[in-house]
Amino acid sequence: MHINADFSKKVILHYDQIEWLPSPMVGVDRRMLDRIGNEVARATSIVRYAPNSKFSSHIHSGGEEFLVLDGIFQDEHGDYPAGSYIRNFPTSSHTPGSDQGCIIFVKLWQFDLEDRTPVKIDMNKIHSITSIERPAVDITPLYQDTRETVQMEIWQPNANIQIDLPDGGEFLVLDGSFTDGDDTLIKHSWMRVPIDGNLNATSGPKGARLWVKMGHIPYAQAPNGI
């Protein structure tokens, strides 16, 4: 399966226009944003857990990165409310589910396979800092290594946001909205910008809060054998 698998192209997906598709587990549905592979895949998705649904225990051979968008995600390691940012490194395992139901944004098979750094951050409990280069933007750092930078950004209302992206980037709207050309991205809409791309956006009248990842597009890969 290949969905938005050409990383040389810009992609914009509007949350309210993406179909929910059932996963192999009853009660767990997903909106596929990009994907290379079938059930074992390099994938970016929005996943919805119905109340009292769960996946069976499994190992993340290629790592898993996720952000809880709504509700409470759970596994044997703890409960993760909306605003939780988690990185489960390659070879880690868990049994994910949700008693009350939840929605998460998740990326699979997108780690350095030697990475063994666990990350568990509640974004509700850490402070942001104002960007020196972009004074209309407050930044909450989430993760950084030689391959990528991950952060939450808050854009002031009606601000022009310009970012050069020599190694590409991804933007997921958490709250508010922004326009890019003729497109208006609302809550939970997603954009992927290719290598040597740029962002020239204007935040909406209520501003915007986004999950942002930059620098990782050159490392796009698929699981072995796919």
Side-chain angles (χ1 to χ4, degrees), residues 4 7-20 31-34 44-48 65-71 80-86 102-107 119 121-144 148-218:
N4 295 319
F7 289 83
S8 69
K9 294 183 178 180
K10 182 177 182 178
V11 180
I12 294 176
L13 295 178
H14 299 282
Y15 181 78
D16 55 352
Q17 298 176 10
I18 312 170
E19 182 182 5
W20 286 110
R31 284 173 160 157
M32 298 183 183
L33 306 180
D34 66 31
T44 303
S45 310
I46 294 174
V47 179
R48 179 178 65 188
E65 173 184 25
F66 68 87
L67 175 65
V68 183
L69 303 178
D70 186 59
Y80 306 102
S84 298
Y85 173 68
I86 310 297
C102 69
I103 298 175
I104 66 173
F105 171 77
V106 60
K107 298 177 73 67
V119 175
I121 296 174
D122 185 343
M123 299 192 307
N124 303 303
K125 297 180 179 179
I126 55 178
H127 297 291
S128 59
I129 55 176
T130 301
S131 169
I132 296 174
E133 295 83 7
R134 295 179 285 142
V137 177
D138 291 336
I139 294 173
T140 301
L142 300 175
Y143 181 80
Q144 186 170 20
E148 64 188 56
T149 297
V150 185
Q151 56 200 33
M152 181 178 70
E153 297 193 2
I154 298 175
W155 298 354
Q156 294 178 11
N158 303 309
N160 179 241
I161 307 296
Q162 298 186 37
I163 312 174
D164 290 327
L165 297 163
D167 294 314
E170 282 184 56
F171 302 84
L172 176 73
V173 182
L174 304 179
D175 289 298
S177 64
F178 74 88
T179 59
D180 176 84
D182 295 329
D183 288 288
T184 297
L185 284 80
I186 61 173
K187 184 175 181 178
H188 296 174
S189 297
W190 176 80
M191 172 190 287
R192 190 185 72 208
V193 179
I195 293 170
D196 293 327
N198 60 76
L199 181 74
N200 188 356
T202 301
S203 56
K206 295 183 179 180
R209 186 168 64 96
L210 300 99
W211 177 91
V212 177
K213 182 195 279 279
M214 297 177 287
H216 62 300
I217 300 298

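Both backbone and side-chain heavy atoms feed into the values below; hydrogens, waters and symmetry mates do not.
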Give, for atom [atom1] of [X] and atom [atom2] of [Y], the distance between the pair rounded to the nearest 0.5 Å.
X      : Y      : atom1 : atom2 : value
Leu67  : Ile103 : CG    : CD1   : 12.0 Å
Phe7   : Ile195 : CZ    : CD1   : 10.5 Å
Leu199 : Gln162 : CG    : CD    : 9.0 Å
Met191 : Leu13  : CE    : CG    : 10.0 Å
Tyr15  : Leu33  : OH    : CG    : 10.5 Å
Thr184 : His14  : OG1   : NE2   : 7.5 Å

Ignoring hydrogens, what is the shortest heavy-atom contact between [X] and [Y]? Give both atom names and the distance.
X      : Y      : answer
Ser177 : Ile186 : CB-CA, 4.3 Å
Ala159 : Ser203 : N-OG, 2.8 Å
Ser45  : Met32  : OG-CA, 4.3 Å
Val193 : Asn198 : CG1-N, 3.8 Å
Gly169 : Ile217 : N-CG1, 3.8 Å
Ile18  : Arg31  : O-NE, 2.6 Å

> Does Tyr143 have any ring pair (Phe, Tyr, Trp, His ring centres under 6.0 Å) partners at least two apart in sequence or in another chain, and if so, which?
Replying inline: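 Ring pair (Phe, Tyr, Trp, His ring centres under 6.0 Å) list for Tyr143, sorted by chain: empty.
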> Under the ring pair (Phe, Tyr, Trp, His ring centres under 6.0 Å) test, which residues partner Tyr80, sequence neighbours left out?
Replying inline: none
> Does the pair Phe66 and Val47 meet the rule for a side chain to side chain contact (heavy atoms under 4.5 Å, CB included), with working shown?
Replying inline: CA-CA 10 Å; Phe66 68 87; Val47 179; over 6 Å; no
>> Taking ring pair (Phe, Tyr, Trp, His ring centres under 6.0 Å) as the criterion, tell me which of Trp211, Phe171, Tyr85 meets it with Phe105.
In response: Trp211
> Out of Arg192, Lys10, Lys107, which one pairs with Glu170 under the salt bridge (Lys or Arg N to Asp or Glu O under 4.0 Å) rule?
Replying inline: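 Checked Arg192, Lys10, Lys107 against Glu170; only one passes salt bridge (Lys or Arg N to Asp or Glu O under 4.0 Å): Lys107.
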>> Which residue in the set Arg209, Arg134, Lys213 passes salt bridge (Lys or Arg N to Asp or Glu O under 4.0 Å) when paired with Glu153?
In response: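 One option only clears the test, and that one is Arg134.
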Between the main-chain N or O of [Y] and the side-chain N or O of [X], is there a donor-acceptor pair closer than 3.5 Å?
X      : Y      : answer
Asp34  : Asn4   : no
Ser128 : Thr140 : no
Asp196 : Asp167 : no

> With sequence neighbours excluded, what pairs up with Asp122 under the side-chain hydrogen bond (donor to acceptor under 3.5 Å, both in side chains) test?
Replying inline: Asn124
>> Working note: Leu69 + Leu172, criterion side chain to side chain contact (heavy atoms under 4.5 Å, CB included); need CA distance, chi angles, decisive distance, verdict.
In response: CA-CA 11 Å; Leu69 303 178; Leu172 176 73; 4.0 Å; yes
>> Among Ile121, Val212, Leu174, Asp138, exactly one meets side-chain contact (heavy atoms from CB on, under 4.5 Å) together with Met152. Which residue is that?
In response: Leu174
>> Under the criterion side chain to side chain contact (heavy atoms under 4.5 Å, CB included), I'd like the reasoning laid out for Val137 against Ile161: C-alpha separation, chi angles, the key distance, then a yes or no.
In response: CA-CA 8 Å; Val137 177; Ile161 307 296; 3.5 Å; yes
